[in-house]
Amino acid sequence: ASSKLVGFSVFFLFILLLRLIFIQGLLVPPYADSVIHLQIVQDFLNPDRPPQAFFHLSLDLGRYYHFGFHALAAWLSGATSTAPEQTILLLGQYFQALAILAVYPLVRISSKDSLSAWAVMIVAGLILSIPAYTSNWGKYPAIASLTGISFGLSLLLIYAKNKFTFSKIYIWSVSYTHLRAHETVLDLVCRLLLENKTPPPPPHTPTLPVLNRHAYITVTTSDDVVDS
């Protein structure tokens, strides 16, 4: 377990380092959507001002947006006194690297092969253009959402698998106990019957009542009574 944790940590840091090298000199915000995300973060940082972004905290559901990434970026920007556009850029690279790790548990659970999971994770992190190319779009909230969904699906699959296994064990245990209970009662009844059963008398042999050692044995016939 410790070796796997070290392997995941090294791979995560390696992917994160590649992403940080990639964004050197990148213009921010790089895309139209990125401007909206920046405005949302600035609105969080300045709650006393009128909102700049179309999407903001309001009772109007038409202006609702998933603000998890923006709230985290605003908190980090305020805590570190970093410009919000730079905070969004750096936090986006973190979620990009984390999204690569989120692939592992899904593939591992579905394929039941750790080597296949590692192979898919390496391809996603070093060969495919997505999610790395999202740095050119600035769609980091989408990457953060996909990361959370991936980990959530993994936890759901693990829960479903464990619940199914528990159900099988429970049903098997109850069935086995039920059968054993019937077998135990049957064995007990058969044993009692065998212990109390008397052997039948020999054929054509009259049954004589025995009184005691000194008593007379009386045999009744159709003619007379014989005493001995």
Straight-line distance of [X] [atom1] to [Y] [atom2], nearest 0.5 Å:
X: Leu72; Y: Leu91; atom1: CG; atom2: CG; result: 5.0 Å
X: Gln86; Y: Leu76; atom1: CD; atom2: CG; result: 13.5 Å
X: Tyr94; Y: Arg19; atom1: OH; atom2: CZ; result: 14.5 Å

Quick one: does any side-chain atom of Asp43 pair with a main-chain N or O of Ala53 as donor and acceptor, under 3.5 Å?
yes
Short side-chain to backbone donor-acceptor contact, Ser77 and Thr82, under 3.5 Å
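Present.
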Taking the side chain as C-beta and beyond, is there a heavy-atom pair between Leu101 and Ile15 under 4.5 Å?
no
Is any side-chain heavy atom of Leu16 closer than 4.5 Å to one of Gln93?
yes
Just wondering, are more than 12 heavy atoms of other shown residues or ligands nearer than 6.0 Å to CZ in Phe14?
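Count not over threshold, so no.
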Contact list for residues 137-151, test salt bridge (Lys or Arg N to Asp or Glu O under 4.0 Å), sequence neighbours left out:
Asp33-Lys139
side-chain hydrogen bond (donor to acceptor under 3.5 Å, both in side chains) against Asn46, all qualifying residues, sequence neighbours excluded:
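Residues passing side-chain hydrogen bond (donor to acceptor under 3.5 Å, both in side chains) with Asn46: none at all.
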What orientation do Tyr65 and His70 show, parallel under 30°, tilted 30 to 60°, or perpendicular over 60°?
perpendicular
Taking it one step at a time, do Val41 and His37 satisfy side-chain contact (heavy atoms from CB on, under 4.5 Å)?
CA-CA 6 Å; Val41 174; His37 297 318; 5.7 Å; no
Atom of [X], atom of [Y] and distance for their closest heavy-atom approach:
X: Ala99; Y: Thr147; value: CB-OG1, 3.2 Å
X: Phe55; Y: Ile36; value: CD1-CG2, 4.2 Å
X: Phe54; Y: Arg63; value: O-NH1, 3.0 Å
X: Leu38; Y: Ile88; value: CA-CD1, 3.8 Å
X: Pro141; Y: Phe69; value: CG-CD2, 3.7 Å
X: Ile100; Y: Ala124; value: CD1-O, 3.5 Å

